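Please read the structure below before turning to the comments.
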There are 2 protein chains.
Amino acid sequence: MSNKVTLSTIADSLGVSTATVSLALRDSPLVADATRARIKEAAARSGYIYNRRAASLRTSRSGIIGVLVPDIMNPFFAEILLGIEEELGLSRQTFFLCNHRDDISVQKNFLETLLQFGADGVIVSPAIGTTAADIKAIEDTGLPVVMVARWVQGSRAPVYRGDDKKGAYMVTRHLIELGHRKLAFIGGRRETSTGNDRREGFLAALEQAGIEYDPALQIGTERTRKAGYESVRKLFGEKPDCATAIVCFNDLLAIGAMSGLRSLGLEPGRDVAVTGYDDIAEAEISAPTLTSVWNGQQRAGQLAARAMVSILSGDRDIGEVRLIEPELRARQSSGGKIG
Amino acid sequence: MSNKVTLSTIADSLGVSTATVSLALRDSPLVADATRARIKEAAARSGYIYNRRAASLRTSRSGIIGVLVPDIMNPFFAEILLGIEEELGLSRQTFFLCNHRDDISVQKNFLETLLQFGADGVIVSPAIGTTAADIKAIEDTGLPVVMVARWVQGSRAPVYRGDDKKGAYMVTRHLIELGHRKLAFIGGRRETSTGNDRREGFLAALEQAGIEYDPALQIGTERTRKAGYESVRKLFGEKPDCATAIVCFNDLLAIGAMSGLRSLGLEPGRDVAVTGYDDIAEAEISAPTLTSVWNGQQRAGQLAARAMVSILSGDRDIGEVRLIEPELRARQSSGGKIG
DNA sequence: GGGGAAATTTAAATCGATTTGATTCTTCCG
DNA sequence: CGGAAGAATCAAATCGATTTAAATTTCCCC
């Protein structure tokens, strides 16, 4: 209750020095057990609040880790966050979250703020337009950087992510094996590494099957349910038979796409096959259930966080499992397993 | 690039005192224009990074606002965050986000951390189980508290939220006017103020219409898509005609519920009416489109943030529009407007 | 009981920005 | 030219915890 309890308040009340109090509270073996007990008791009783800014000013360690993601509303990134949260919680690190919305100036501002607060490290899924030089600039200030989900051409910072190209290849191949020859691809914007990689996987599968690709069937858009809905209405609104299958960049688009198909009187999984990517929780309970690719985003978040913790504790070896093996999850929407 | 640039680095290089540098960088009218220009130029050139912990140690103002929400994956809270973010961005405040997952110990830990960092204020949507005494305890440390979306019985901290009772009444009434007499209610857990309020609104509408309520038709569960899906399968799996309409606590449940109905061969909006709550972006593009209640969550976030900013800048009058008027958004899923 | 090793405790410097009261420098007018 | 008012700058204290070298106490054994 009393207005400001500091180390010296406690020290004075007990007739010891602040040095002793500081050491005692941090369980230093230097102080006698009896003294430690007295001090801890006094601290608790007086409602002492540890002042991190003072401590961190002195030690230049803040216990803060910055986490930047493009879109927390997107379950893909929300699941990454879950993984990060879980792992950082274990080592009692606090994190500052930034939702940069792929706006590079938001990202930049936040990084600046992190520096001002003396953050210990950054875990980032970089915004569209981030360059290797940008990443380098952060590292040059002494802030270790770990990337997650997205990577940046030319940067040597560690990245934890699913193998997007391989996963996209797998799901496309799945559709081709079911007999589809006219495949649309939605949401593969080239500006992000994931967009590029998944697109490449898609094209690789087509090429391998000798299918020529029709660029008109590729709509690069936002990656929201709404975008999926609208893209499908645009594509199929005019020509309902333009394609028999839709490969979506992610599950959100796929869910929107299915809704879009229905609004046109087409039944997803029967009239048109639809696949997603990421295998978010919703994929299992959509109607029809959604064929997707498990991408291990939660695991990627975990690994990235663990790597950061290792780096901060001085390890140089931060584990080399950085590319997560994707898994196809065939469900009703691709028509592969209707019923 | 040089390793640590501080105020005195700059001061030395220019042959002035740190006092002058500090004042100049903060645009104090005390320093001469020419001097200010020289100093700013030197700061920029040397890559000076403002050290907030040092500043905040001295001033005891940190520029940090803590924001706590139950679940960032839930679009309802994500939209609140959007509002908060937008508003705080305007006044260049940083915020620490905590996703407490309705775990009261997570909430407690985070509040402790905020105190240690010397946060200036807290905007919170309290976890289940939070008491007025808990809120009081925070306020007693000198941290101003503003609540959003949820309120706590007995607490006098300002709350910005939609009028849940009224909204639930409106949507239930809408169904009754369409002729429904057997209404189920999903997700109205009593532990949160929103759950309670919406449930009361629902019951009020029934009572007013002279409909007796069947407790078996009320399933209180999680508030996820998955829970909606499963609840419906439980209710309608055994007795497909147990109800003709489902009032869901929120849109997520409603979307899951529609999916659940479909999986049982029932068509939402035709065989069974479904309504949601919150009017999240997805409501408009689900198939069928979802009847919901606009709850103004983004606006609530904005207002809460604005109130916090006012409080911090010393205003005592923080505006009294704290209860947002809900609006019914009738769409296809309630069968009120099929086609 | 003396001496030295081991165990405790402490004084004081430090981290970097802010702020106040004092000092120095300008201006300008009588 | 003297000096008062105003402008610009500065020295030094301060915020609160950490840390190191030094001081003090305790302990043990001969």
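Given the structure is predicted, the values throughout are model-derived calculations rather than measurements. Note on naming: letters A, B, ... go to the chains in the order of the sequence lines (proteins, then strands), and numbering restarts at 1 for each one.
Using modelled atom types and a 3.5 Å distance limit, the side chains of A:T192 and A:R223 yield a donor-acceptor pair. No side-chain N or O of A:S193 forms a donor-acceptor pair with one of A:N196 less than 3.5 Å apart. Under the 3.5 Å distance criterion, with hydrogens and angles disregarded, a donor-acceptor pair is assigned to the side chains of B:S56 and A:R53. Side chains of A:S22 and A:R26: a donor on one and an acceptor on the other come within 3.5 Å. Between the side chains of A:Q297 and A:E79, at least one donor-acceptor pair of N or O atoms lies under 3.5 Å.
A straight line from CG of B:L25 to C1' of D:dT9 spans 15 Å, rounded to a whole angstrom. Straight-line distance from the CD1 atom of B:I39 to the C1' atom of D:dC10: 12 Å, rounded to whole Å.
At the heavy-atom level, B:G118 lies nowhere under 4.0 Å from the strands shown. Within 4.0 Å (heavy atoms only), B:T35 reaches sugar-phosphate atoms of the nucleic acid but no base atom. Using a 4.0 Å heavy-atom criterion, one finds that B:V16 contacts the sugar-phosphate atoms exclusively.
Pairs engaging residues 104-131 of chain A under the ring pair (Phe, Tyr, Trp, His ring centres under 6.0 Å) rule: A:F96-A:F117 [sequence neighbours left out].
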Letter by letter from the 5' end, nucleotides 15-22 of chain D scores (B base, S sugar-phosphate only, - none; protein heavy atoms under 4.0 Å) BBBBB---
